[in-house]
Amino acid sequence: MNSKNKISGLGAVIVNILLLYAAYMVTRIAFLLENYSTYEHVFSSPKFWDIFWGGVYFDTSAIAYTNALYILMVLFPLHLKENAKWQRFCKWLYIIINGLGLATNLGDAVYFQYTARRTTIAFFSEFGADDKLGSIVGLEFLRHWYLVLLFIALIAFLWRCYLTPVFRTQPRRRYYIIQTLALLIAAFLCWAGMRGGFWDNRPIKISTANQFIDRPNDASLILNTPFSLFRTIGKHSYHNPDYYQNEAELEAIFTPIHDPILITPNTQSTPNKKNIVVIFLESFGREYIGSLNHEILPGYKGYTPFLDSLMQHAVSFRYTFANGKASVDAMPSALSGLPMFVESFVAASHATNHLSGMAACLDSLGYETAFFHGAPASSLGFQGFTKSTGFQHCYSQEDFEADKRTNGPADSDNWWGIWDEPFLQYFRMKMSDMKQPFMTALFTLSSHHPFHVPEQYKEVFKEEEMPIHKCIRYTDHALQRFFEEASKEPWFNNTIFVMTGDHTNMSNHPEYKSSINQFATSIILYDPSGTVTPGIRDGIAQQTDILPTILNLVGYDKPYMAFGCDLLNTPAEDTWAINYLDGIYQYCKGDYVLQFDGQQTIGFYALKDYQMKKNLKGLMPEQRQMEKEVKAIIQQYMARMIDNRLVP
């Protein structure tokens, strides 16, 4: 390189960092286009440029985190390193580290449609032990080949445009002074970049993205995946906000402790020993069920003809929401009454807290309890959670394959575990082996990415608008076969069945892409004996309501904890739901949903405003009371999580 092209270490670092801003912005545009149906409104939003400026804000932090070592290697004041080999090493370090960052951004462009949020470090706790992930990633490489080509182009761009600093011969004293000053300047800028500014008292965090937007689900467009990963490493997710200093005031507004002794006689259930069966339906969002969409999508048929027919004899609810966006969130919510705030309980630092649940409560009434999941025993940490909350037995893929009544490994989908139809029949057979009364829970898995159906059904359940639709039809068929055979069993009429979607998934209707309806699922309560009057009931339901509803039905008479209510004995106007998305708590009650960022309300919408187009913040008298209640719910959750008070 001739003298006029020589560039100092600091100059080279600045140019190479600017290249990264361009690369990160390209991945953000790819994220936007890959999820265009979710973010179509952004193009006409007055916040359009705020979103991209906010993106630069978070890109700065991510680039500072990921390139701190590279900058140190280039600028460290040591004259012995000023040679071609060292600079070649620095270039490779730059390419590898930033290649990983760009890859995670592009990967999340695909993964986002299943989770509605950027990936955090909790992902590795939830799914790190799953040996199927490598196959899934490989399949997505093939399906999204254009993103792979874009990644290759970005790496080529960084490699080609990378500037290598050229050492100028100079007195050592001058060299060390200049390099030390350059390193100090770069270190200060890195520190400020990581924090999100020079003068802020606290570093930026994931929830900071909400200051640039009007809709919480736009936060993921501002964020980037490297930032989300770095900012959640080793973090203590829970802190007590102390909204209420007076414990009595807090308890008066909201308490998660249910004490049946205090329930008035006219609402308390008559003790009985009905069997309880809870079925978690993988990815069964409300959008897929035709009979739940007559109001939202008139004329829409959905993909669940069997569930639609069953619901004519079952109880469901006008509004129903999941308490989380992942399978591991649904288990604590439905079985232990614990919603997901900040991070999944099974992956949280407080996961060793003592937590009770439906199995432990019913065990005290003499129930035999068992949990079923057709995946390997180690999958998703389900067995660890169920055993810690009182299940006596856990049955998995290994147990299915060892049972001589099944087809063994021949019924495996070769991805996640056993296909739903044979595993549901195994579930039925095992319940017939159990002593009544029993309580069981089952998690289906066939309506999961990569969205395959068994070979014999490929001409029956064909591709439709979205890849998941054929899988929803297959699982609906598997449920039909299960109920047909279960209805012949002697225990059937003495059983209450509860079905809920664990979380939502792919959506092709704008009504289900809003911040709150990304959580819209179903709770179906079916009593073959007819004791529970069927029909769609007014009001709001959430997964954390399942525990108090069931315990009251069977006449459980001891105190227990649940962040929910008995849906069958609570007036519709007092039912409620809460969930958490990228730093925002969404609290539904009455006719409204309030969005609260931990300090203040940022949105207030009518539940009938399915696309959340009109923000009523500050316009409705109900807002103030809902703010008081959501603060009490958050404080009770955080204080009890921190102090390990999740049981009475």
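As a basis for the values below, the full set of heavy atoms in this structure was taken, side chains included, without hydrogen atoms, waters or symmetry mates. In what follows, residues are counted from 1 in the order of the sequence shown.
- Here the shortest heavy-atom pairing between Ile602 and Asn615 reads O-ND2, 3.3 Å.
- Taking every heavy atom of both residues into account, Phe58 and Ile222 meet most closely at CD1-CG2, 3.5 Å.
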CA sep, side-chain torsions, deciding dist, call: Phe604, Met626, side chain to side chain contact (heavy atoms under 4.5 Å, CB included): CA-CA 10 Å; Phe604 196 79; Met626 289 179 68; 3.7 Å; yes
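- By the 4.5 Å heavy-atom criterion applied to side chains, His144 and Glu34 are counted as neighbours.
- Asp329 and Met340 make their closest contact through OD1-CG, 3.2 Å (heavy atoms, listed as atom of the first residue, atom of the second, distance).
- At distances below 3.5 Å, at least one donor-acceptor pair connects side-chain atoms of Gln636 with backbone N or O atoms of Phe254.
- Residue-environment remark: NZ (Lys628) stays at or below the threshold of 12 foreign heavy atoms within 6.0 Å.
- Using modelled atom types, no side-chain atom of Gln600 and backbone atom of Asp597 make a donor-acceptor pair closer than 3.5 Å.
- The number of heavy-atom neighbours closer than 6.0 Å to CH2 of Trp191, taken from other residues, nucleotides and ligands shown, is above 12.
- Separation of atoms CD1 (Ile578) and OG1 (Thr544) is listed at 9.0 Å; rounding is to 0.5 Å.
- Side chains of Gln635 and Tyr244: no donor on one and acceptor on the other come within 3.5 Å.
- Counting only heavy atoms from C-beta outward, the side chains of Leu581 and Gln595 never approach each other to under 4.5 Å.
- Judged by distance alone, the side chain of Tyr637 and the main-chain N or O of Pro339 form a donor-acceptor pair under 3.5 Å.
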Go through the steps to decide whether Val56 and Met25 satisfy the test side chain to side chain contact (heavy atoms under 4.5 Å, CB included), and finish with yes or no. CA-CA 8 Å; Val56 173; Met25 192 54 67; 3.8 Å; yes
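- Leu20 has its side chain within reach of Asn67: a pair of non-hydrogen atoms, C-beta onward, lies under 4.5 Å apart.
- Using a 4.5 Å cut-off on side-chain heavy atoms (C-beta onward), Thr119 and Thr104 make no contact.
- The main-chain N or O of Leu594 is never found under 3.5 Å from a side-chain atom of Lys617 such that the two would form a donor-acceptor pair.
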Carefully, step by step, assess Phe382 and Val328 under the rule side chain to side chain contact (heavy atoms under 4.5 Å, CB included). CA-CA 7 Å; Phe382 280 174; Val328 292; 4.0 Å; yes
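- The aromatic rings of Tyr94 and Tyr70 lie tilted to each other, with the angle between the two planes from 30° to 60°.
- In summary, the side chains of His449 and Asn505 do not present any donor paired with an acceptor at a separation below 3.5 Å, with no hydrogens or angles considered.
- Put simply, the side chain of Ser333 gets close to the backbone of Leu338: a donor and an acceptor are under 3.5 Å apart.
- Heavy atoms from other residues, nucleotides or ligands lying under 6.0 Å from CH2 of Trp92 number 12 at most.
- Put simply, CD on Gln179 and CG on Leu183 are 8.5 Å apart, with the number rounded to the nearest 0.5 Å.
- Residues Met638 and Val342 are in side-chain contact: their nearest non-hydrogen atoms beyond the backbone lie under 4.5 Å apart.
- Tyr162 places none of its side-chain heavy atoms less than 4.5 Å from the side chain of Ile95.
- Ring to ring, Phe76 and Trp86 are not that close: their centroids are 6.0 angstrom or more apart.
- Here the CE-OH distance, from Met641 to Tyr238, works out to 4.0 Å after rounding to the nearest 0.5 Å.
- Using modelled atom types, no side-chain atom of Asn35 and backbone atom of Thr38 make a donor-acceptor pair closer than 3.5 Å.
- Arg118 places a side-chain N or O within donor-acceptor distance of the main-chain N or O of Leu223, the cut-off being under 3.5 Å.
- With ring centers used as reference points, Phe112 lies under 6.0 Å from Phe31.
- Contact detail for Ala12 and Thr164: the closest heavy-atom pair is CB-C, 4.5 Å.
- Checked by atom type and distance alone, the side chain of Gln611 never pairs as donor or acceptor with a backbone atom of Glu511 at under 3.5 Å.
- For the atom pair CD1 (Ile71) and OG1 (Thr66), the distance works out to 8.5 Å, reported to the nearest 0.5 Å.
- Annotation: cation-pi pair Lys614/Tyr605 absent, no NZ/CZ under 6.0 Å from the ring centroid and within 45° of its normal.
- Between Pro241 and Lys631 there is no side-chain heavy-atom pair separated by less than 4.5 Å.
- Residues Phe151 and Thr27 form no side-chain contact, since every pair of their non-hydrogen atoms from C-beta on lies 4.5 Å or further apart.
- Counting only distance, with no hydrogens or angles, the side chain of Gln543 and the backbone of Asp502 share a donor-acceptor pair below 3.5 Å.
- Heavy atoms only, all atoms of each residue included: Arg28 and Leu221 are closest at NE-O, 2.8 Å.
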Show your working on side chain to side chain contact (heavy atoms under 4.5 Å, CB included) between Tyr585 and Ile634 and close with a plain yes or no. CA-CA 9 Å; Tyr585 298 90; Ile634 295 169; 3.5 Å; yes
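- Side-chain atoms of Asn105 never come within 3.5 Å of backbone atoms of Tyr24 as a donor-acceptor pair (strictly under, hydrogens ignored).
- Looking at Asn224 and Asp59, their side chains do bring a donor and an acceptor atom within 3.5 Å of each other.
- Shown here for Met194 and Ala64, the closest heavy-atom pair between the two residues is CE-O, 3.4 Å.
- Between atom NE2 of residue His503 and atom OG1 of residue Thr521 there is a gap of 9.5 Å, rounded to the nearest 0.5 Å.
- When ring centroids are compared, Phe563 and Phe341 stay outside the 6.0 Å threshold.
- A distance of 10.5 Å separates CG of Leu106 from OH of Tyr146, quoted to the nearest 0.5 Å.
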